[in-house]
Amino acid sequence: MTKEVRVRFAPSPTGYLHVGGARTALFNWLFARHFGGKFILRIEDTDFSRSSEEMVEGILQGLRWLGMTWDEGPFFQSQRLDRYREFAAELVAKGVAYRCFCKAKENSEASGYPTKSAEHGCASLSSDESGRRAAAGDCFAVRFRIPPDKTSFRDHVFGDIEVDNTILEDFVLLRSDGSPTYHLSVVVDDLDMKITHVIRGADHISNTPKQILLYQAIGEQMPEFAHLPLILGPDKQRLSKRHGATSVMAYAGLGYLPDAFFNFLSLLGWSPGEDREILSRQELIELFSLKGVGKANAVFGLEKLDWFNSQYLRNASPDALHQMAVEELKSSQIPFTNFSAETLDGILDLLKNRLRKIGDLSSTWRAFFSDEFEYEKSAADKFLADPKLRDLIPELLDRYRKIAEFTLESAETVLRKFVEEKGVKAGILINALRVGLTGQGVAPGLFEVMLALGRERTIARIDQLNTKLRITNYE
RNA sequence: GUCCCUAUCGUCUAGUUGGCCCAGGACACCGCGCUUUCAAUGCGGCAACACGGGUUCGAAUCCCGUUGGGGACGCCA
């Protein structure tokens, strides 16, 4: 029996949960669920000046939206400060780290190139001297002493990676204010939390040797590593604000379904190795494997996300769709309250194949829910310009008014008969009426639309169309 | 600047140990059918192994180089 798989997602609360972070969380989550292991949430808030509680909440919210539940945590590094200090002290005692009494560099010159340990006078301070100065109250940071040789590790995604230690700097473990840096806290926590697999973004590849050196210095067994290729914007540059939304909650707001977003994200940098793409969470959990993770960075493109979303929308249960629609209409303040559930569901059934986002209901398909809507300009110009309409529409309106029973058949028969008598093509009227009824040049079948709107509204809108034809010149 | 990583259609990708790949699927795009417009659907099309050297009977698959892209080099994570 192998030991339990334990993975973690460890964001720093200096921003919202962004697309890249979400994908990292997602792969960790999938990995844990696949092996029946634990998914642990840890907040890396050791940079006090940049961390905030709202950001923590935002991250949790994003994870919840995507349905990623965690088994342990959230743990906060800010609450484990004593542990890191204790650890750093041990390292100093062991001689693998040393106190550095140099003044902290200003941020502005932080772009400096690696400083070799030899360049730090502090590195060669005797432990007596070092201890004496510390006891005297001299301010110091703790630096790790980089040993000579090379460091290598096997990555589950990238394979064997080796670096020469000489390029590594004697990095800081503990700042002069006593707070730990990332390298210290991440190693201590992964050890204490018994993390078996560190799955994180490829931007951490070059940090890994430092952490491995730390594990080696204290003689502990290290976790396995798997680095994930990065997600880039359409210009192949790092995803940033100028690419539009980067926070996952923004996508919630844009009307994307969490399941669709989840599915889409899972296929960014990973492939099940077969030709299926629409996969449920359960299927994803079963299929997920680090072997399927690619090495090349992936571009985050919206077209395919839209497609995924439309697939999930069309496959949504009537109940789920109903609920989403009600929410959407409410939030966009469209007064649809006089609709029966049946009416609403009928409309949704008519529209669901054409939805890309739930928000389309209140934008493109507004006319189905509200009497206040405009004719889409290009549609009106294209379909309302025929001068014959001015004479035809009033007559046709009259026929619809007189219709005995308003059904799909009768609605169509009235029009068919009418065009036959008048000797005009059905398309002229159908297209014009479509604009009149929906404001759009593109919509579901006209007679189905009539039924969905109901007799009264249909007649009222034809009447309105009649009026507009008289007062507007369409071209 | 130094180090690390990476490179298949516009995009996401398949391509397990080199031959079944003059490279498959999906999105997008284009055409045709259906039709009342569009969507949906069906069928079809466009479109890639970055480049140059090797190794091999044979390379998208292995090696080297070039170029492109990304990442890291902080008392940020």
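First the proteins, then the strands, lettered A, B, ... as listed; each starts at 1.
Counting non-hydrogen atoms of neighbouring residues, nucleotides and ligands closer than 6.0 angstrom, the OH atom of A:Tyr400 exceeds 12 such neighbours.
Ion pairing between A:Asp192 and A:Arg80 holds under the 4.0 Å rule for side-chain N and carboxylate O. A salt bridge between A:Lys210 and A:Glu169 is absent, with no side-chain N of the basic residue lying under 4.0 Å from a carboxylate O of the acidic one.
Atom CG in A:Asn353 sits about 18 Å away from atom P in B:rU37, given to the nearest Å. B:rG74 atom P lies 9 Å from atom CZ of A:Arg143, rounded to whole Å. Protein atom CG of A:Leu174 is 15 Å distant from nucleotide atom C1' of B:rG74, rounded to whole Å.
Interface remark: the A:Lys295 side chain does not form any donor-acceptor pair with the B:rC5 base, using a distance-only criterion of under 3.5 Å. A donor and an acceptor atom sit less than 3.5 Å apart, one in the side chain of A:Asn207 and one in the base of B:rA77. At a cut-off of 3.5 angstrom, the base of B:rC75 holds at least one donor-acceptor pair with the side chain of A:Ser176.
Checking each of A:Phe158, A:Tyr182, A:Phe153, A:Phe225 against A:His204 for a ring pair (Phe, Tyr, Trp, His ring centres under 6.0 Å) leaves exactly one that passes, namely A:Tyr182.
Comparing A:Gly427 and A:Lys236 along RNA chain B, the residue whose closest nucleotide (by nearest heavy atom) sits nearer the 5' end is A:Lys236.
Between the C1' atoms of B:rA48 and B:rC5, the separation comes to 22 Å (whole Å). Spacing between B:rA47 and B:rU11 at atom P, rounded to whole Å, works out to 16 Å.
Residue A:Arg314 is classed as a sugar-phosphate contact, given heavy-atom separations below 4.0 Å to backbone atoms only.
Listed nucleotides B:rU11, B:rA77, B:rA26 differ in distance to A:Trp307; the shortest reach to its side chain belongs to B:rA26. The nucleotide whose nearest atom lies closest to any side-chain atom of A:Glu303 is, among B:rA28, B:rC12, B:rC5, B:rA28.
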